[in-house]
Amino acid sequence: MTDISSTADESGTEPIQTPTLWGDEQWTARIIKNEDDDGWAVAMTRHGDPEPALVGPWTMGRDKKNPKPLDTPAFHTLVKTANEVLRRHEQQLHAQLNKHVFVGHGTERIRVALRIVPDEDNPHGLLSAQDESGTTLGEARVAPTFKLTATSAEAWVENDYPSKPR
């Protein structure tokens, strides 16, 4: 896809409102040509981000050749959609990095949690156990590939929270 509006100011300080480039203090919407077909696309980029948060199809104008111009309602809808995409991405990443299971130990349920720390130099996981009142019963550092299951959590609890869980 190629950019057809590269001459506009992208400083983020002044609102931009041209037919193919629209922006405010947080977002820029840019109409781009889809090189794979005859259509158009819109890219929504949050200021400071290297990549667009959202790229989607854009409507043809009345002449069936050029893109429909951007306007205020369309821009607000695109901002809302791009924010939702980012929110879902953050939720998915959080779910990938944080897991927990409950195990029964006697008459008490214990929450065993795994938090992955995606450090570039030293990725690792932190395993923790808490009783129902939130008191920490044990903690251990584990490999980032550690698989938290009800079975692995139960074994860790039954072995009195060793620093090297299996």
Side-chain angles (χ1 to χ4, degrees), residues 1-3 10-13 15-16 21-32 34-37 39-58 70 73-166:
M1 295 184 183
T2 56
D3 173 10
E10 291 187 45
S11 65
T13 57
I16 304 164
L21 185 68
W22 203 277
D24 64 11
E25 63 279 351
Q26 291 182 320
W27 289 95
T28 298
R30 180 183 309 275
I31 304 293
I32 52 179
N34 186 344
E35 303 238 348
D36 295 337
D37 66 20
W40 296 92
V42 62
M44 286 296 295
T45 306
R46 186 170 53 180
H47 295 279
D49 288 354
E51 297 288 326
L54 173 71
V55 176
W58 189 248
L70 284 162
F75 181 73
H76 289 162
T77 299
L78 289 165
V79 167
K80 182 178 176 182
T81 304
N83 277 321
E84 180 66 18
V85 167
L86 290 178
R87 188 180 71 75
R88 287 183 183 177
H89 176 72
E90 288 166 359
Q91 286 176 334
Q92 180 185 15
L93 181 60
H94 179 79
Q96 287 175 336
L97 298 176
N98 297 276
K99 300 189 183 321
H100 71 270
V101 296
F102 287 95
V103 296
H105 191 67
T107 59
E108 192 174 287
R109 286 176 30 109
I110 296 173
R111 181 182 190 269
V112 179
L114 173 65
R115 181 172 62 92
I116 302 297
V117 179
D119 187 289
E120 279 187 38
D121 297 326
N122 189 14
H124 60 280
L126 298 172
L127 194 61
S128 64
Q130 294 180 331
D131 66 14
E132 291 176 341
S133 67
T135 302
T136 299
L137 304 172
E139 293 180 326
R141 186 176 172 135
V142 296
T145 56
F146 182 84
K147 300 292 183 209
L148 179 63
T149 64
T151 304
S152 66
E154 188 73 40
W156 186 55
V157 170
E158 286 176 0
N159 288 312
D160 291 326
Y161 317 101
S163 61
K164 299 280 185 197
R166 294 178 215 155

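All figures in this text were calculated on a predicted structure; none of them were measured in a lab.
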Report the distance from atom OG1 of Thr136 to atom CZ of Arg111, rounding to the nearest 0.5 Å.
-> 10.5 Å
Between Val103 and Ala150 the two heavy atoms that sit nearest each other are CG1-O, 3.8 Å
List the steps and the verdict of side chain to side chain contact (heavy atoms under 4.5 Å, CB included) for Glu108 and Ile110.
-> CA-CA 6 Å; Glu108 192 174 287; Ile110 296 173; 4.3 Å; yes
Over all atoms of both residues, closest heavy-atom pair of Asp24 and Phe75 = OD2-CE2, 3.5 Å
Correct closest heavy-atom pair for Ala129 and Trp156 would be CB-CZ3, 3.6 Å
Which heavy-atom pair separates Asn159 from Pro162 by the least distance, and what is that distance?
-> O-CD, 3.4 Å
Counting heavy atoms not belonging to Glu51, are there more than 12 under 6.0 Å from its CD?
-> no
Spacing of Leu148 atom CG and Ile116 atom CD1 [to the nearest 0.5 Å] = 9.0 Å
To the nearest 0.5 angstrom, please state how far the CH2 atom of Trp27 sits from the CG atom of Asn83.
-> 5.0 Å
What distance do Thr28 atom OG1 and Met44 atom CE have between them, rounded to the nearest 0.5 Å?
-> 7.5 Å
Expected output: side-chain Asp49 to main-chain Thr45 donor-acceptor under 3.5 Å = no
Heavy-atom pair with the smallest gap, counting every atom of Gln130 and Leu137 | C-CD1, 4.0 Å
Interatomic spacing from CG in Asn98 to CZ in Arg115 - rounded to 0.5 Å | 7.0 Å
Can you check side chain to side chain contact (heavy atoms under 4.5 Å, CB included) on Val117 and Leu126, steps first, answer last?
-> CA-CA 8 Å; Val117 179; Leu126 298 172; 4.2 Å; yes
What do the steps show when you test Trp58 against Leu70 for side chain to side chain contact (heavy atoms under 4.5 Å, CB included), and what is the final call?
-> CA-CA 10 Å; Trp58 189 248; Leu70 284 162; 3.7 Å; yes
Nearest non-hydrogen partners of Phe146 and Leu114, listed with the distance | O-CD2, 3.5 Å
Do Lys80 and Glu84 sit within salt-bridge range, that is, some charged N less than 4.0 Å from a carboxylate O?
-> no
If we only count heavy atoms from C-beta on, is the Val101 to Thr149 side-chain gap below 4.5 Å?
-> no
Those residues that, when tested against His100, pass ring-ring contact (aromatic ring centres under 6.0 Å, His included) (two or more places apart) = Phe102
For Thr145, check side-chain hydrogen bond (donor to acceptor under 3.5 Å, both in side chains) against everything at least two apart and list the hits.
-> none
Only counting residues at least two apart or in another chain, list the ones meeting side chain to side chain contact (heavy atoms under 4.5 Å, CB included) with Ser163.
-> none
Nearest-0.5 Å distance that lies between atom OG1 in Thr81 and atom NE2 in His76 | 12.5 Å
